[in-house]
Amino acid sequence: MNKKQSGLLEEAKKSVLLMPSVLLLLVFFVAPILLTVYYSFTNLALSGENARQLKFIGLSNYFTMFKDRTVRISIGNTLVFLLGSLIGQQVLGFIIALNMRNKNRVFRGIVGPIFLAGWIMPEVVVALCCSTFFGDSGTLNQIFSFFHLPQVEFLFAIPMLTVILANIWHGTAFSMMNFQSALDGVPADIEEAARVDGAGPFQTMIRIILPCIKNTIATNTMLNTLSTLGVFGLIYMMTGGGPGTKTLTLPIFMYRQAFISQQLGYGTAISMILLVIGIVLSVFYTRIMRND
Amino acid sequence: MKKMKRIQAAALASVMALSLTACQGAGGKSETQGGSTAAATQKETEKPADQTTAAAGKTKISITFRNDGSDVLKKWFEHAYETYDKKDSIELDIAPITASEGDYFAKVALALQSADTAPDIVCEDTFQLPSDVAAGYLTNLSSYLKDYKEWNDGTFYGALVDGVTYDDGSVYGIPYCTDTRGLWYNKDVFAAAGLDTNWQPKTWQDVLDTCKIIKEKCPDVVPFWCNSGVATGEATSMQTYEMLLYGTGEQLLDNNKWIVKSDNILKSLNFISTIYKDGYGPSLSKVLNGEAGNIASREYLPKGKLAISLDGYWMTGNYKETGAAPWPEYKDKLGIAAMPTSEGQAPGSITMSGGWALSIPNLSDQKDAAMDFIKHCMSYDVYLDTIIAQGNIATRTDIAKDASYSSQPFMETCTGFLSGAFYRPRNSQYTTVTTHIQTMVESVVSGTSPEDAMAQYKSDVTNSVGAENVVEK
């Protein structure tokens, strides 16, 4: 057996070993996505005449979407929710990580898990906790009344802020962990050198620490963006997208159209907006990362 | 090397973006099948895949209905089974769906699409029926009804038979209840506010004036409650919006086109807006909740925390000994007034009427057995017990004459409302339009101006049914 043959054999072996995972990806991942794209061009419905005869209707769903006020409202809501969550989670996560840096292990061991609790909890539990916390006679309002502050119907008066806060509580720990490991990787000697050269804490932060963890910030932003875009359960359980359309984000609007108004085809078309937003933002972030 | 990394990063990014949408689709689906809503949708409905042959070689029929927290329907089917003469050869699988109303219809529509999940009998709200028939989910019962004596001799009310008859002239369900709506009021609260306990408002303004007095005299009491949210689903459309709209003299459809903009829509929304702006309504956290109807009828009204509730006759089922919130004195403490038309114009008062029917899914494999069991469920004695327990209005004329039924409190008044009752459009697009009504009402309740809410409704309905099917007035 010569060298070339054994190389081919090696390749073939690799391909055979990869087959199962490729197959699984195709069947459970690529196929459903393609099917979703296809359905967005049909009149698929849960009930009614259209449920009996699936028809290809071209771009009709998309034309409807452009005329639909609610689509515009929910895109706006989605972006507000995304931006609020991103800023909140990252800033808070970074501050916590920074404060926990160089602290002793006991301190980290106690504080870390407290923040992690919000993250490891399933979405349902988070929604339930936050609903009771922000509820009319919930914990926060009881604290308010203890200090003789006016009662606030958080879920109705400021619903968007409330769900953003809930999502921040849920997601901060993830950012904290990312930043923690990045900060641990910042070489101590560079920082020390800066300090010796007379840089204050603020300057060290801006000129040394942030540039060192730039890539982590970008990756973290991207991961958070994609997971926040898809948040459904949290908002659905806390406000159901309401009151009115005040917390109606794209995933909830999609669910309502598909399963409550029973227009599955239109619902899948709406999910395509999410896909587009996701892709655009991901490309944007990778561009930023590339510029180093 | 660096370039490689960039490509990898870009690839990674797009894969993640794609997976996001994939999760979306899957997430949405699982939500309806077993997921959770504010009203805690539980999964207790999945029935065993093999439904044809049960353990002892019996024929198994399964029955699906919505579990709303009371077990009257479950008791009905259990009782029917106990008294069933074919008990030895039939096994009954009671498979309720615990879900909010909107989710119930979605779950049923999904279940009816596959022979593995389709039950043999399903409870259908008559407004959902045309849509499910159009989708081909339900069995045409005409051939099964040929030898159903009571069906053919006029025992069932004609208007209700119409309600389960599709455009093709065939029957797709056996109606098992109907209802009327009105203004229920707590006489103790009225007395405390110095109001006449024999109340009958003539116009909407009368209702608002009464609310004002109650608010002044009894500040701890919620003056007025009507279903107002998306979470309460069809109840918001029918018990609140349509009761108002039809009271202005307008209907949802004009010559088979949906009216999406009119003064009367505005007038109806303004009434709702006034209720909440002037503080006559309950707090939004109570009313925009899937449990709102139950909170009002089972908790607030009996305890005197609520003065007036716009709701259906079935509400009284809660107060019976067998009900979810027994209230022995309800006969004397509760009053019923007809819902007036907007300015008291003829006919003076109005009610919407709906109801539920027992249908057989097209994919059921035990249609004969299912039909036989339905007949037994609807037989005089079995049906009499349940219709009293449900607190609903009977669909059989002979039951209406039974003393134990007709002597129930408020029965005469509420049955009387039926004579001028309006029914929801028998149009398969209604299932979609009704969800837009709910969004419109909830928007108004939570502070959106009636004009904006109507503009939203116009956009939503036009998008759903097509511009050729809507009209402005």
Side-chain angles (χ1 to χ4, degrees), chain A residues 29 32-33 36 45-52 64-65 67-70 73 124 131 135-136 153 155-156 222-223 226-227 229-230 232-233 236-238 240-246 251 254-256 258-263 266-268 271-272 274-275 278-279 281-283 285-286 289-290, chain B residues 6 9-10 13-14 16-28 31-32 35-38 102-103 105-106 109-110 113 128 131-132 134-137 229-231 233 283-286 288 290 428-429 431-432 435-436 439 442-448 453 455-456 459-460 462-464:
Chain A
F29 190 70
I33 290 173
T36 311
L46 209 51
S47 186
E49 285 106 18
N50 292 345
R52 202 202 289 253
T64 308
M65 223 156 64
K67 286 182 287 174
D68 195 338
R69 274 169 61 119
T70 321
I73 294 173
V124 193
S131 294
D136 278 6
E153 286 188 309
L155 288 164
F156 300 93
M222 184 155 80
L223 289 174
L226 295 178
S227 64
L229 272 182
F232 173 82
Y236 190 66
M237 277 174 280
M238 285 182 72
T245 51
K246 283 181 189 152
M254 184 183 101
Y255 172 79
R256 272 204 202 163
F259 293 100
I260 307 296
S261 298
Q262 311 191 337
Q263 315 277 324
Y266 191 46
T268 36
S271 76
M272 291 297 127
L274 265 181
L275 181 72
I279 290 176
L281 289 178
S282 310
V283 169
Y285 294 140
T286 31
M289 271 202 275
R290 214 189 280 179
Chain B
R6 278 181 208 159
S14 41
M16 280 188 292
L18 281 169
S19 67
L20 173 76
T21 348
C23 289
Q24 243 19 72
E31 203 63 41
T32 4
S36 44
T37 67
D103 285 340
F105 302 125
L110 286 169
Q113 289 182 14
Q128 179 70 30
S131 180
D132 283 350
Y137 293 155
V230 171
S283 73
L284 297 188
S285 60
K286 290 279 187 300
L288 298 185
S428 60
Q429 289 168 339
T431 33
T432 302
T435 61
H436 301 318
T439 308
E442 183 172 301
S443 299
V444 169
V445 166
S446 54
T448 308
Q456 179 76 41
S459 155
D460 288 345
T462 313
N463 281 334
S464 294

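Bear in mind the structure is a predicted one, so any value in this text is a computation, not a measurement. A, B, ... follow the sequence lines: proteins, then strands. Residue 1 opens every chain.
- With values rounded to the nearest 0.5 angstrom, Phe259(A) atom CZ is found 6.0 Å from Leu110(B) atom CG.
- Considering every non-hydrogen atom in both Glu49(A) and Ser428(B), the closest pair reads OE2-OG, 3.3 Å.
- Heavy-atom pairs under 4.5 Å with chain B peak, among Ala51(A), Ser261(A), Gly135(A), at Ser261(A).
- Here the side chains of Thr435(B) and Gln262(A) are not in contact, with every heavy-atom distance at 4.5 Å or above.
- With a 4.5 angstrom heavy-atom cutoff, Ser283(B) touches chain A via backbone and side-chain atoms both.
- Between Ser464(B) and Gln263(A), the side chains place no donor N or O within less than 3.5 Å of an acceptor N or O (distance only, hydrogens not considered).
- In this structure, Thr432(B) OG1 and Tyr266(A) OH are separated by 12.0 Å, a value rounded to the nearest 0.5 Å.
- Using a 4.5 Å cut-off between heavy atoms, Tyr137(B) contacts chain A through its side chain alone, with no backbone atom that close.
- In this structure, chain B has heavy atoms under 4.5 Å from both the backbone and the side chain of Ile260(A).
- For Glu442(B), the side-chain contact (heavy atoms from CB on, under 4.5 Å) criterion is met by Pro243(A), Val230(B), Leu288(B), not counting sequence neighbours.
- Interface residue Ile73(A): only side-chain heavy atoms are found under 4.5 Å from chain B.
- You'll find the side chain of Lys67(A) stays beyond 4.5 Å of the side chain of Ser459(B), heavy atoms only.
- Residue Asp460(B) touches chain A through its side chain alone, counting heavy-atom pairs closer than 4.5 Å.
- For chain A, the option among Gln113(B), Lys286(B), Gln128(B) with the highest count of heavy-atom pairs below 4.5 Å is Gln128(B).
- In this structure, chain A has heavy atoms under 4.5 Å from both the backbone and the side chain of Ala455(B).
- Inter-residue side-chain proximity for Thr70(A) and Thr439(B) is flagged as unmet; no heavy-atom pair is nearer than 4.5 Å.
- Residue Ser446(B) holds its OG atom at 9.0 Å from CZ of Phe156(A), rounded to the nearest 0.5 Å.
- For Asp136(A), the part lying near chain B is the side chain, with the backbone staying farther off; criterion is any non-hydrogen pair under 4.5 Å.
- Legend: residues meeting side chain to side chain donor-acceptor pair (under 3.5 Å) with Ser443(B), ordered by chain and number and at least two apart, are absent.
- Of all heavy-atom pairs between Asp132(B) and Ser47(A), the closest is OD1-OG, 2.5 Å.
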